[in-house]
Amino acid sequence: MTVPTMPPKSPKSPHSVNGPVGDTPGEPLHTPVIDWFDEHARDLPWRRPEAGPWGVMVSEFMLQQTPVSRVLPVYEQWLARWPRPADLAQEAPGEAVRAWGRLGYPRRALRLHGAAVAITERHGGDVPTDHAQLLALPGIGEYTAAAVASFAYGQRHAVLDTNVRRVLARAVTGVQYPPNATTAAERKLARALLPQDERTAARWAAASMELGALVCTAKNETCHRCPIAAQCAWQLAGKPEHDGPPRRGQTYAGTDRQVRGKLLAVLREARGPVPQAVLDRVWHEPVQRARALDGLVADGLVEPLPGGLYRLPLTRS
DNA sequence: GAGGCGTGGGC
DNA sequence: TGCCCAAGCCT
């Protein structure tokens with residue numbers, strides 16, 4: 001791996017508003033980005049005050065690897081049906097999987113249900129405010145814990161999702177794409193760029209994500225609409241294309257994943273238990289079919305019943 | 001740390 | 001048409 005080359009630094013500013021930034025001085029990025037956000041932010045339901053911490057948390061689960069446009073309708077139905085964590089916690093996990101619909105990665109539904117149970121049992125039914133307690137919930141990792149703490153509670157955290165990573169890779173590091181996996185250097189950079197003021201930091205988190213989602217996109221970026229184009233290291237370097245090993249792609253066709261998806265689709269649509277013979281029709285190859293079904297059972301997404309019947313899980317696994 | 005894990009839209 | 005991508009998490 002080659003170390004990304006940094007473009008020439010502009011003259012150092014007297015003293016950064018960002019506070020101590022170590023070896024990354026320069027004009028603060030957050031001010032123009034936040035100003036842009038004030039003007040161009042999308043009106044999304046989980047950003048409205050009435051969404052509350054639970055709404056923010058539900059949206060974060062659903063948005064993991066899934067586009068906003070597909071999340072919107074499911075989010076609305078979900079919150080209407082389960083307005084509080086305790087409402088979801090008393091449901092069967094299979095109901096969460098069914099309501100998840102075709103958002104993909106249905107283990108997220110199971111984990112969101114598990115998180116609701118934990119919140120009800122351990123936190124009095126309120127989404128915890130503490131980053132470490134959020135991180136301890138199923139389905140919540142580094143990104144989601146920081147996002148909920150920041151968006152729902154206005155706390156100061158580095159919120160490092162794929163959008164922010166791309167914005168920083170370009171604006172600061174001067175490369176087209178961030179590394180495949182989040183690195184210590186990226187975390188350090190994100191922390192260094194975090195405004196000191198808590199409110200401003202939370203605003204910056206949302207604003208930098210939105211910039212990556214709407215302007216500084218993976219493909220067909222629109223730099224002419226970017227509030228920091230004049231300071232962007234990648235832009236100043238002439239927007240060199242990514243070099244090095246190809247970025248990891250996803251395969252799908254013919255994989256167990258595809259078979260799992262087909263099996264679960266049948267079970268979601270069915271009201272009650274489904275005979276094995278019905279499931280057998282979704283995939284021609286018996287070995288792979290069986291492996292996929294076993295995997296779903298092992299993951300707790302499917303419950304086997306006596307007599308070769310299967311259903312979405314009624315009990316906690 | 002590399003791979004597994006859904007689904008559908010855009011180019 | 002395929003390929004790439006979309007607010008990651010877990011093992």
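Throughout, a chain's letter reflects where its sequence line sits, starting with A, and its residues are numbered from 1. Here the structure is a predicted model, which means the values were calculated and not measured.
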Inset, instruction - Specify the separation, in whole Å, of atom CZ of A:Arg291 and atom P of B:dG4. - result: 11 Å
Inset, instruction - Identify whether any heavy atom of A:Leu112 sits under 4.0 Å from a base atom; if not, whether one sits that close to sugar-phosphate; answer base, sugar-phosphate or nothing. - result: nothing
Inset, instruction - Take atom P in C:dA7 and the same atom in B:dG3, then report the distance between them in whole Å. - result: 23 Å
Inset, instruction - For A:Arg166, answer base if it contacts any base atom (sugar-phosphate contacts may also be present), sugar-phosphate if it contacts only those atoms, and nothing otherwise; contact means non-hydrogen atoms under 4.0 Å. - result: sugar-phosphate
Legend entry - Between C:dC4 (C1') and A:Gln176 (CD): distance, integer Å: 13 Å
Inset, instruction - For this output row, return yes or no: ring centroids of A:Trp54 and A:Trp82 closer than 6.0 angstrom. - result: no
Legend entry - Atom P, compared across B:dG8 and C:dC9: separation rounded to whole Å: 23 Å
Legend entry - Under 3.5 Å donor-acceptor, A:Thr120 side chain and A:Gly125 backbone: no
Legend entry - Whole-Å distance separating the CD atom of A:Glu186 from the C1' atom of B:dG1: 15 Å
Inset, instruction - Assess whether atom CZ of A:Arg268 is packed by more than 12 heavy atoms of other residues, nucleotides or ligands within 6.0 Å. - result: yes
Legend entry - Atom-pair distance (CZ on A:Arg111; C1' on C:dG8), nearest Å: 9 Å
Inset, instruction - Take the protein atom CG of A:Leu264 and the nucleotide atom P of B:dG8, then report the distance between them rounded to whole Å. - result: 12 Å
Legend entry - Closest to the A:Tyr177 side chain, choosing from C:dA7, C:dC5, B:dC5: C:dC5
Inset, instruction - Please check if any side-chain donor atom of A:Glu60 sits under 3.5 Å from a side-chain acceptor atom of A:Tyr143, or the reverse. - result: yes
Inset, instruction - Please evaluate the base of B:dG4 for a donor-acceptor partner in the side chain of A:Arg257 within a cut-off of under 3.5 Å? - result: no
Legend entry - Nucleotide nearest A:Asn220 when distance is taken to its side chain, options C:dA6, B:dC11, C:dA7: B:dC11
Legend entry - Carboxylate-amine/guanidinium proximity below 4.0 Å for A:Asp299 and A:Arg260: yes
Inset, instruction - Please lay out, stage by stage, how A:Arg291 and A:Asp294 fare under the test salt bridge (Lys or Arg N to Asp or Glu O under 4.0 Å). - result: CA-CA 5 Å; A:Arg291 186 171 64 232; A:Asp294 285 350; over 6 Å; no
Legend entry - Residues A:Arg166 and A:Thr217: side-chain donor-acceptor under 3.5 angstrom: no
Legend entry - Value in whole Å for how far the C1' atom of B:dC5 lies from NZ of A:Lys262: 17 Å
Inset, instruction - Could you pull out the closest heavy-atom pair between A:Gly94 and A:Leu312, with the gap in Å? - result: O-CD1, 3.5 Å
Legend entry - Contact list for DNA chain B against residues 96-107 of chain A - heavy-atom distance below 4.0 Å: A:Arg102, A:Leu103, A:Gly104, A:Tyr105, A:Pro106, A:Arg107
Inset, instruction - Would you name the heavy atoms of A:Ala92 and A:Leu314 that are closest together and state the gap between them? - result: CB-O, 3.6 Å
Legend entry - Residue whose nearest DNA chain C nucleotide is more 5′ - A:Phe151 or A:Leu135: A:Phe151
Legend entry - Neighbours of DNA chain B within residues 51-84 of chain A, by heavy-atom distance under 4.0 Å: A:Gln65, A:Thr66, A:Arg70
Inset, instruction - Give A:Ala218 one of three labels, base, sugar-phosphate or nothing, depending on what nucleic acid heavy atoms sit under 4.0 Å from its own. - result: sugar-phosphate
Inset, instruction - Would you classify A:Glu142 as touching base, sugar-phosphate or nothing, given that sugar-phosphate means primed atoms plus P, OP1 and OP2, and contacts are heavy atoms under 4.0 Å? - result: sugar-phosphate
Inset, instruction - By nearest nucleotide on DNA chain B, pick out whichever of A:Ala181 and A:Ala265 is the more 5' one. - result: A:Ala181
Inset, instruction - Measure from CG on A:Leu267 to C1' on B:dG6 and round the result to the nearest Å. - result: 15 Å
Legend entry - Whole-Å distance separating the CG atom of A:Leu44 from the P atom of C:dA6: 17 Å
Legend entry - Closest nucleotide among B:dT7, C:dG8, B:dC5 to the A:Arg268 side chain: B:dT7
Legend entry - Pairs touching residues 128-138 of chain A that satisfy salt bridge (Lys or Arg N to Asp or Glu O under 4.0 Å), sequence neighbours left out: none
